**Student:** 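For reference, the structure I am asking about is given below.
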Amino acid sequence: MEYISNSLENTKELAELIAKKLEGKEIILLKGDLGAGKTTFTKALFAALGVNEIVTSPTFAFMKEYDAKFKLSHYDMYRVESEDELFELGITDNLYEKGICVIEWNKFTEFPDNKILINISIEKIGDNSRKFVINWGE
C-alpha cells in the first residue's frame, strides 16, 4: 500500500487508519532518511492508540515504553552498532512480550514467530510531503 501525506494532518489520518488494524502483536519497522518523519509518524500512531503523554525520540535511551490500548515500545537504533549491543543493554525482551514495538533504524536480524511484521518506508518528497510504502506481514 502506498500513501502520500501532504501535511501533518494527513500523517495523523494514516496513523489512525493503521492503529485501527493493530491487534497488539505487531513489530513496525520504520525506514527512511533523517528527517523523513519516522518519529512524527510514531507520535501520531501512539496518540491514535491512546498515549496521552508527550512521545519523544528514544535516540539516547534506545527504547521507551508507553501504556495505552496496548503496551507500546519505541526503539531508536540510530546510535546502535549491532544487534549484540542491544542484547548487552537488555532491551530486547519487549520484542517477545505482548504489545506493539515500533523500531526506527532497525538492527535486529530475527523476530519472534508470534509477531506480525509491518514494514513502513517513509520518503520525503517535498517540504511537507511524504510517501509512505506499507508492507503488512512481511
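Since this is a predicted model, take the numbers as computed values, not measurements. All values below come from the heavy atoms of this structure, side chains included, with hydrogens, waters and symmetry mates left out.
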**Student:** State the CD-NZ distance between E16 and K21, to the nearest 0.5 angstrom.
**Tutor:** 13.5 Å
**Student:** Which pair of non-hydrogen atoms, one from L29 and one from F111, has the smallest distance, and what is that distance?
**Tutor:**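 Heavy atoms of L29 and F111 come nearest at CD2-CZ, 3.9 Å.
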**Student:** Could you check I134, I120, N106 and say which one makes a side-chain contact (heavy atoms from CB on, under 4.5 Å) with I28?
**Tutor:**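 Result for side-chain contact (heavy atoms from CB on, under 4.5 Å) with I28: I120.
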**Student:** Could you check whether any side-chain N or O of E26 sits under 3.5 Å from a backbone N or O of G24, counting only pairs where one atom can act as donor and the other as acceptor?
**Tutor:**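 Between the backbone of G24 and the side chain of E26 there is a qualifying donor-acceptor contact (under 3.5 Å).
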**Student:** Rounded to the nearest 0.5 Å, how far apart are CD of E9 and CG of L14?
**Tutor:** 12.0 Å
**Student:** Is the count of non-hydrogen atoms from other residues, nucleotides or ligands lying under 6.0 Å from K25 atom NZ greater than 12?
**Tutor:**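 No, not enclosed.
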**Student:** Check whether any side-chain heavy atom of L34 sits under 4.5 Å from a side-chain heavy atom of Y78, and report yes or no.
**Tutor:**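 L34 reaches Y78 side chain to side chain.
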**Student:** Any chain of hydrophobic side-chain contacts (each under 4.5 Å) joining Y96 to F62?
**Tutor:** yes
**Student:** Using a 6.0 Å cut-off, check whether atom NZ of K64 has over 12 heavy atoms from anything other than its own residue.
**Tutor:** yes
**Student:** Of all heavy-atom pairs between L95 and Y75, which one has the smallest distance, and what is that distance?
**Tutor:** N-OH, 4.0 Å
**Student:** Whether the side chain of T42 engages the backbone of K38 through a donor-acceptor N/O pair (distance < 3.5 Å, no angle test) should be reported.
**Tutor:**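 Between the backbone of K38 and the side chain of T42 there is a qualifying donor-acceptor contact (under 3.5 Å).
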**Student:** Would you give the length of the straight line joining atom CD1 of I118 to atom CD1 of I18, rounded to the nearest 0.5 angstrom?
**Tutor:**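 These two atoms lie 7.0 Å from each other.
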**Student:** So, does R130 use its side chain to make a donor-acceptor pair with the main chain of I4 at under 3.5 Å?
**Tutor:** no
**Student:** Taking the side chain as every heavy atom from C-beta outward, state whether K124 and D33 have any atom pair closer than 4.5 Å.
**Tutor:** no
**Student:** Just by distance, do the side chain of S73 and the backbone of C101 share a donor-acceptor pair under 3.5 Å?
**Tutor:** no
**Student:** Which of parallel (below 30°), tilted (30 to 60°) and perpendicular (above 60°) describes Y3 and F132?
**Tutor:**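 Y3 and F132: perpendicular rings.
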**Student:** Can a donor-acceptor pair be found between the side chains of N128 and S7 at a distance below 3.5 Å?
**Tutor:**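 Absent: no donor and acceptor within the cut-off.
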**Student:** Ignoring hydrogens, what is the shortest heavy-atom contact between I122 and F41? Give both atom names and the distance.
**Tutor:** CD1-CB, 4.3 Å
**Student:** State the CG-NZ distance between N135 and K31, to the nearest 0.5 angstrom.
**Tutor:**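 Separation between the atoms: 8.0 Å.
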**Student:** Can M77 be reached from L117 by stepping across I, L, V, M, F, W or Y side chains whose heavy atoms are under 4.5 Å apart?
**Tutor:**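 Yes; M77 is reachable from L117 via cluster members.
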**Student:** What pair of heavy atoms forms the shortest contact from A68 to G50, and how long is it?
**Tutor:** CB-C, 3.7 Å
**Student:** Does atom CG (N52) have a neighbourhood of more than 12 heavy atoms from anything else shown, all under 6.0 Å?
**Tutor:** no
**Student:** Give the C-alpha distance, both sets of side-chain angles, the deciding distance and a yes or no for salt bridge (Lys or Arg N to Asp or Glu O under 4.0 Å) between E97 and K71.
**Tutor:** CA-CA 9 Å; E97 296 175 0; K71 178 182 177 186; 2.2 Å; yes
**Student:** Is there a chain of hydrophobic side chains (I, L, V, M, F, W, Y, each step under 4.5 Å between heavy atoms) that links W136 to F70?
**Tutor:** yes
**Student:** To the nearest 0.5 angstrom, please state how far the CD1 atom of I103 sits from the CG atom of N119.
**Tutor:** 10.0 Å
**Student:** Looking only at heavy atoms, which two atoms of Y66 and V55 are closest? And how far apart?
**Tutor:** OH-CA, 3.6 Å
**Student:** Do L49 and L22 have side chains that approach each other closer than 4.5 Å (heavy atoms only, starting at C-beta)?
**Tutor:** yes
**Student:** Counting C-beta onward and ignoring hydrogens, is there a side-chain heavy-atom pair between V80 and W105 closer than 4.5 Å?
**Tutor:** no
**Student:** Looking just at side-chain N and O atoms, do H74 and E104 make a donor-acceptor pair shorter than 3.5 Å?
**Tutor:** yes
